[in-house]
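One structure is given below, encoded as structure tokens.
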Amino acid sequence: MFGIGIGELVVIAVVALLFIGPQKLPEVAKQFGKFFVQFKRVTSEARQAVDDVIKEAEREVIREEHQKFREALELSKPVSGITTDPEHELDATKTSEPK
């Protein structure tokens, strides 16, 4: 937790006891606990919002790539009336040569 060891926590507790006093220490600890829980909740919500934005951006990129792929497939389809038969192409080259 925050890179604080047991010894450091004890020092912080002793300093807090000296400055705050034994009467107010439980109240301050309770307020700190509430603040910490609220802080965790806010950071969790912020993290979730960022994750949602990232996921939506990824979906948009995938949609765009899918659309480009579809367009490329449509462009690569043969046009009606044009044959891709290799023998037909050979016959066409034979007739176009002068004799």
Side-chain angles (χ1 to χ4, degrees):
M1 181 177 121
F2 303 120
I4 298 175
I6 298 293
E8 293 154 337
L9 283 176
V10 170
V11 170
I12 291 171
V14 169
V15 170
L17 183 61
L18 290 174
F19 282 107
I20 297 171
Q23 292 83 16
K24 290 188 178 182
L25 188 60
E27 182 182 326
V28 170
K30 187 176 180 181
Q31 289 175 350
F32 178 74
K34 286 181 180 180
F35 169 77
F36 189 72
V37 167
Q38 186 178 11
F39 179 75
K40 280 184 74 174
R41 185 177 302 131
V42 169
T43 56
S44 175
E45 290 172 359
R47 184 179 300 124
Q48 184 63 39
V50 169
D51 287 344
D52 290 345
V53 168
I54 290 171
K55 286 179 184 176
E56 183 59 34
E58 288 174 345
R59 283 189 210 116
E60 185 64 30
V61 168
I62 290 172
R63 278 189 213 115
E64 289 174 2
E65 288 177 353
H66 184 70
Q67 183 64 28
K68 288 178 184 177
F69 183 71
R70 279 184 156 180
E71 291 172 0
L73 280 178
E74 288 177 5
L75 291 175
S76 68
K77 288 182 182 177
V79 179
S80 62
I82 299 176
T83 61
T84 56
D85 184 21
E87 288 189 20
H88 177 71
E89 292 175 8
L90 290 175
D91 291 341
T93 58
K94 287 181 182 177
T95 58
S96 63
E97 293 178 9
K99 292 187 178 185

Quiz: residues 64-75 side-chain donor-acceptor pairs under 3.5 angstrom, not counting sequence neighbours:
{"from": "Gln67", "atom 1": "NE2", "to": "Glu71", "atom 2": "OE2", "distance (Å)": "3.4"}

Check: residues 42-51 side-chain donor-acceptor pairs under 3.5 Å, at least two apart:
{"from": "Thr43", "atom 1": "OG1", "to": "Phe39", "atom 2": "O", "distance (Å)": "3.1"}
{"from": "Thr43", "atom 1": "OG1", "to": "Lys40", "atom 2": "O", "distance (Å)": "2.9"}
{"from": "Gln48", "atom 1": "NE2", "to": "Asp52", "atom 2": "OD1", "distance (Å)": "3.0"}

side-chain hydrogen bond (donor to acceptor under 3.5 Å, both in side chains) with Arg59: which residues, sequence neighbours excluded? Glu56
Residues forming a side-chain hydrogen bond (donor to acceptor under 3.5 Å, both in side chains) with Gln38, sequence neighbours excluded: none
Table please: side-chain donor-acceptor pairs of residues 8-34 below 3.5 Å, with sequence neighbours left out.
{"from": "Glu8", "atom 1": "OE1", "to": "Gly5", "atom 2": "N", "distance (Å)": "2.5"}

